[in-house]
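For reference, the structure discussed in these notes is given below.
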Amino acid sequence: MTTVAGLVPYLGGALAVGGVAVAATRRRELMVRWCVWALGVPLVTAAFWFGPPGIAVLAAVVGVVAVAEFGGLLRLGPVDRAVLGAAIVGLVLTAWLAPGEVLRMAAAGALAIAGGPLLSGDVEHGLRRLGAGLLGLVWLGALAGLVSSGALGLVLFVAVSIADIVAYAAGRRLGGPRLSPLSPAKRWSGTLAGAAAGLLTLAVLSSLTWQTAVAVAVGGPLGDLLESMVKRGARAKDAGQWLPGSGGIVDRIDSLLVALAVLLVLE
């Protein structure tokens, strides 16, 4: 399997080629998006370079930001967001410092999330708060899987990102049946083309196994649809607005989260 050091030339080459292609289009929104990637990719790669401690810090920071965005979409109050954020950070740190206790930590997080609406006697919104909190724990808690996956987590992120880009471009060009009412712009043609591109990426990076193939080809699109369902329920276009041209952090990691979950189940 490719190491983090082995990934650096590929990531640098991909950014360079992407920059030339974006410059050729002269489209401002694409240039802004490329600049975000040019700043973010080195930071993420550096975190993975430091191994579990660096990955844990990265996953914890991303988790806190993702909880803030997720809580906004599902209208969770400050206390519920704080509890969910603490549960996600706790999962990430446990995956780093005490991997054998991850399930125990997840159970503790679920109890803490349930405690808010139960102890406050929230008859009107308690069920919604509980359901949203548990969904956030399961979905965003997959970030803890990055710690144990090491360089493979970075490979997975690269593969699902390329699959997303190809799926978007191919779907617009090829058309055909829609993938799901949850995301009318997505087509089966684009999803299949994206899956092929993701598998090719895994092969080039010497990380193609049947588990990683299923994670990228199946988990990636399901993650995208899951976020589409959440955003449609919230009547929101993006999870956040702070990443220029890219929405929020959840918009960038939605496919990765479910791909990670699928990989953890299959391994």
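When a residue number appears, it is its place in the shown sequence, counting from 1.
Taking every heavy atom of both residues into account, S189 and G171 meet most closely at OG-CA, 4.0 Å. Annotation for A60 and V92: closest pair N-CG1, 4.0 Å, computed over non-hydrogen atoms. Of all heavy-atom pairs spanning L137 and A110, the tightest one is CD2-N, 3.6 Å. Here the closest non-hydrogen pair linking A151 and L7 is O-CD1, 4.3 Å. Between D238 and L73, the closest heavy-atom pair is O-CD2, 4.1 Å.
Remark: side-chain polar atoms of S207 are paired, donor with acceptor, to backbone N or O of L205 under 3.5 angstrom. Using modelled atom types, no side-chain atom of S149 and backbone atom of L152 make a donor-acceptor pair closer than 3.5 Å.
R129 has its side chain within reach of S120: a pair of non-hydrogen atoms, C-beta onward, lies under 4.5 Å apart. Looking at T94 and P99, their side chains never come closer than 4.5 Å, going by heavy atoms from C-beta outward. The closest side-chain heavy-atom distance from D122 to H125 is below 4.5 Å.
Atom CG of L226 and atom OG of S183 lie 12.0 Å apart (nearest 0.5 Å). Atoms CD1 and CG, from I113 and L84 in turn, are 5.0 Å apart once rounded to the nearest 0.5 Å. Of the inter-residue distances, the one linking F157 atom CZ with L11 atom CG reads 9.5 Å to the nearest 0.5 angstrom. Atom CG of residue L156 and atom CG of residue L146 lie 8.5 Å apart, to the nearest 0.5 angstrom. With rounding to the nearest 0.5 Å, the separation of OH in Y168 from CD1 in I165 is 11.5 Å. The CD1 atom of I162 sits 8.5 Å away from atom CG of L200, with the distance rounded to the nearest 0.5 Å.
Both V218 and V160 belong to a single network of hydrophobic side chains, linked directly or stepwise wherever heavy atoms of I, L, V, M, F, W or Y lie under 4.5 Å apart. Connection of V83 to L119 is not established within any shared hydrophobic cluster, with ILVMFWY side chains joined at heavy-atom distances below 4.5 Å, either directly or through further cluster members. Hydrophobic clustering (ILVMFWY, side-chain heavy atoms < 4.5 Å, transitive): V61 and L154 are in distinct clusters. Residues L127 and V230 fall into different hydrophobic clusters, defined by Ile, Leu, Val, Met, Phe, Trp and Tyr side chains chained together at heavy-atom separations under 4.5 Å. Cluster membership for L97 and I88, using ILVMFWY side-chain heavy atoms within less than 4.5 angstrom, is shared.
L93 meets the side chain to side chain contact (heavy atoms under 4.5 Å, CB included) test with V89, W96; sequence neighbours excluded. For A106, the side chain to side chain contact (heavy atoms under 4.5 Å, CB included) test picks out L91, with sequence neighbours left out. Applying the side chain to side chain contact (heavy atoms under 4.5 Å, CB included) test to A193 and every residue at least two apart in sequence or in another chain returns V166, A170. Residues meeting the salt bridge (charged side-chain N to carboxylate O under 4.0 Å, His left out) test with D164, sequence neighbours left out: none. A search for side chain to side chain contact (heavy atoms under 4.5 Å, CB included) contacts involving A195 returns A217, not counting sequence neighbours.
For CG of L118, the number of neighbouring non-hydrogen atoms (other residues, nucleotides, ligands) closer than 6.0 Å is greater than 12.
Listed by first then second residue, pairs satisfying side chain to side chain donor-acceptor pair (under 3.5 Å) with a partner in residues 100-115 read E101-R104, not counting sequence neighbours. Screening residues 192-202 for side chain to side chain donor-acceptor pair (under 3.5 Å) gives no qualifying pairs among residues at least two apart or on separate chains. Within the structure, the side chain to side chain donor-acceptor pair (under 3.5 Å) test picks out the following pairs touching residues 216-230 (sequence neighbours left out): K186-D224.
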Acceptor/donor pairs from residues 35-58 side chains to any protein atom, 3.5 angstrom cut, sequence neighbours excluded:
unit_1 : atom_1 : unit_2 : atom_2 : d
T45    : OG1    : V41    : O      : 2.8

Validation: residues 259-267 side-chain donor-acceptor distances under 3.5 Å, sequence neighbours left out:
none

Name every donor-acceptor pair, under 3.5 Å, that has one atom in a side chain of residues 173-180 and the other anywhere in the protein, sequence neighbours excluded.
unit_1 : atom_1 : unit_2 : atom_2 : d
R178   : NE     : P184   : O      : 3.1
S180   : OG     : L182   : N      : 3.1

Which atom pairs, one a donor and one an acceptor, fall under 3.5 Å between side chains of residues 62-72 and the rest of the protein, sequence neighbours left out?
unit_1 : atom_1 : unit_2 : atom_2 : d
E69    : OE1    : I249   : N      : 3.0
E69    : OE1    : V250   : N      : 2.9
E69    : OE2    : W242   : NE1    : 2.7
E69    : OE2    : I249   : N      : 2.8

